[in-house]
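Take a look at the structure set out below.
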Amino acid sequence: MLHIDHLYKNYGKFQAVKDVTLHIPRGDLFGFVGPNGAGKTTTIRMVCGLMLPASGSITINGVDALNHRKELRKQIGYVPDFFGVYDNLKVKEYMDFYGSMYRMSSGEIERISDDLLELVNLSDKKEVFVDTLSRGMKQRLCVARALIHNPALLVLDEPNSGLDPRARVEMKELLLNLKSMGKTIVISSHILSELSEMCNSIGIMDHGNLVAAGRIEDVMDHVFGNDQLIITLEEGRETALRIASEHAKVKVRSAGEHEIRLSHTMTKQEIARMIGTMIAHDVVVTGFHKQEGNLETLFMRVTEGDGGIEGDGGIEGDGGIEGDGGGEGDGGIEGDDGGESNGGKTGKGENKDVAESDC
């Protein structure tokens, strides 16, 4: 669905995005994470055609995004981090306006708008002025607007920014519903716990580098390893340490009074035999389990600046963290020709920018 190859973006001498290569399959809900200034928003803007890269290529649903920018707008629905709405329009008029930008017929706009407003739970708000909606409702309305032309790819940049807990839950349920319908979604967020509940694949950026990308479980295994074993015991610590250290496929990482941490290359059967040997030598083993990680610990691990992740083991992207400081510096949108139309009511000044830059 989305293919990014060797993407670079420079601001003068500062390199905001460095050789990013990424593939997102059709139907994925992809979470894009990274510290402030990591290059996420710059990459998203280049994907959406709002910013031109220094070099590299972007292909979306078979369309060359850099050389066919008009066709690109048909492939993408974009919900920016600071969205704008036309406060002097009713919800129905707002949807009609955006449908007309994609040259849809009035009958088609009405039919699709009704379906989308029902999808985002705003069917009863069609005759309500947009400026009376809550922030969460406005955000869901922006998602409906981004879907009106049935794009192949939906891109959301920090969609939960400023939302209260209930609105965040509603947004999560909406995105999961869209995923179940087969929509390909890219979402950037700093709320890692929510991404772990929604996404089936992730990409982590740091200092302009894509330091990890792929299925969440694959990235977890690659970073934390499937070779971390924790054995808890009540008695026989020294005997357990001797048995573990004598095993050719085991390395003792740490040993507490009632816990031993090992790294290993054993099969499940070999692990069982080693535990059995310990028990046979009077070690009171109370349990053993594989060390588990989560998205928060994964994020902290790969953005520590200690070498990052090499791009092997089924994980896409370039290896390591180059460790040069600085922020994204992506001040605004440059060199783009925005939406196909900026006609109709413009309302407030900030809203005009949204219409012109909307994908």
Side-chain angles (χ1 to χ4, degrees), residues 29-34 36 40-41 44-45 48 50 76-99 101 112-149 151 154-179 183 185-199 330 332-333 339 342 344-359:
L29 204 169
F30 180 89
F32 213 19
V33 299
N36 290 329
K40 304 186 307 297
T41 296
I44 284 175
R45 287 176 176 171
C48 291
L50 302 177
I76 289 182
Y78 177 50
V79 180
D81 49 353
F82 294 103
F83 59 92
V85 291
Y86 296 112
D87 293 342
N88 57 332
L89 293 180
K90 294 180 179 180
V91 168
K92 183 180 182 301
E93 294 171 333
Y94 179 84
M95 295 295 289
D96 289 346
F97 171 64
Y98 274 96
M101 291 178 66
I112 294 176
S113 293
D114 286 347
D115 290 342
L116 289 173
L117 291 176
E118 182 178 356
L119 177 68
V120 300
N121 198 25
L122 291 176
S123 293
D124 59 340
K125 304 294 184 182
K126 286 192 289 186
E127 299 300 327
V128 173
F129 281 94
V130 170
D131 61 353
T132 67
L133 298 177
S134 68
R135 181 176 177 85
M137 290 179 180
K138 287 180 180 178
Q139 190 71 304
R140 298 204 309 275
L141 178 60
C142 283
V143 173
R145 175 263 295 167
L147 292 169
I148 195 164
H149 59 298
L154 178 63
V155 180
L156 304 98
D157 192 4
E158 297 289 346
N160 288 334
S161 176
L163 298 187
D164 60 53
R166 178 178 292 275
R168 287 179 178 177
V169 171
E170 291 171 345
M171 179 59 68
K172 181 180 74 173
E173 291 175 349
L174 171 59
L175 294 177
L176 287 173
N177 192 12
L178 289 169
K179 178 180 179 293
K183 188 65 67 178
I185 303 169
V186 173
I187 173 174
S188 74
S189 176
H190 289 105
I191 308 172
L192 301 182
S193 58
E194 292 184 358
L195 287 183
S196 65
E197 294 173 359
M198 290 188 294
C199 301
D330 55 336
I333 298 170
N342 60 358
K345 300 179 182 180
T346 57
K348 297 181 181 179
E350 64 179 15
N351 297 332
K352 181 180 179 182
D353 292 337
V354 173
E356 290 176 346
S357 65
D358 180 50
C359 294

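Values reported hereafter were calculated over all heavy atoms of this structure, with side chains retained and with hydrogens, waters and symmetry mates removed.
To the nearest 0.5 Å, atoms CG (Leu119) and CG (Leu178) are separated by 5.0 Å. Within the model, atoms CG of Leu133 and OH of Tyr94 stand 10.0 Å from one another, a figure rounded to the nearest 0.5 Å. Going from atom CZ of Arg145 over to atom CG of Leu116 covers 12.0 Å, rounded to the nearest 0.5 Å. Rounded to the nearest 0.5 Å, atoms OG1 (Thr132) and CE (Met137) are 8.5 Å apart. Here CG of Asp96 is found 9.5 Å from CG of Leu89. Values are rounded to the nearest 0.5 Å. Here NZ of Lys179 is found 11.0 Å from CE of Met198. Values are rounded to the nearest 0.5 Å.
Met95 and Leu141 make their closest contact through SD-CD1, 4.0 Å (heavy atoms, listed as atom of the first residue, atom of the second, distance). Nearest heavy atom pair, residue Val79 against residue Ala146, reads CG2-CB, 3.8 Å. For Leu163 against Arg135, the heavy-atom pair with the smallest separation is CD2-CG, 3.7 Å. Closest of all the heavy-atom pairs between Gly77 and Pro151 is N-CB, 3.4 Å. Nearest heavy atoms, Cys48 versus Tyr78: SG-CD1, 3.5 Å. Between Ser188 and Asp157, the shortest heavy-atom distance links the atoms OG-OD1, 2.6 Å.
Checking side-chain atoms of Lys40 against main-chain N and O of Gly34 turns up a donor-acceptor pair under 3.5 Å. Judged purely by atom type and a 3.5 angstrom limit, Asp164 uses its side chain to pair as donor or acceptor with the backbone of Ala167. Judged by distance alone, the side chain of Lys183 and the main-chain N or O of Leu175 form no donor-acceptor pair under 3.5 Å. With hydrogens and angles ignored, the 3.5 Å screen pairs no side-chain donor or acceptor of Arg45 with any backbone N or O of Leu50.
Ser113 places none of its side-chain heavy atoms less than 4.5 Å from the side chain of Lys92.
For Glu197, the side-chain hydrogen bond (donor to acceptor under 3.5 Å, both in side chains) partners two or more places apart in sequence, or in a different chain, are Lys172.
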Sequence neighbours left out, cut at 3.5 Å: what donor-acceptor pairs do the side chains of residues 121-130 make with other protein atoms?
residue	atom	partner	partner atom	Å
Ser123	OG	Glu118	N	3.2
Lys126	NZ	Asp114	OD1	3.3

Practice prompt. Show the numbers, then the answer: is there a side-chain contact (heavy atoms from CB on, under 4.5 Å) between Leu147 and Val120?
Written response: CA-CA 11 Å; Leu147 292 169; Val120 300; 5.8 Å; no

Discussion item. Please determine whether side-chain contact (heavy atoms from CB on, under 4.5 Å) holds for the pair Met171 and Leu174, giving the CA-CA distance in whole Å, both sets of side-chain angles, and the decisive distance to 0.1 Å.
Written reply: CA-CA 5 Å; Met171 179 59 68; Leu174 171 59; 4.2 Å; yes

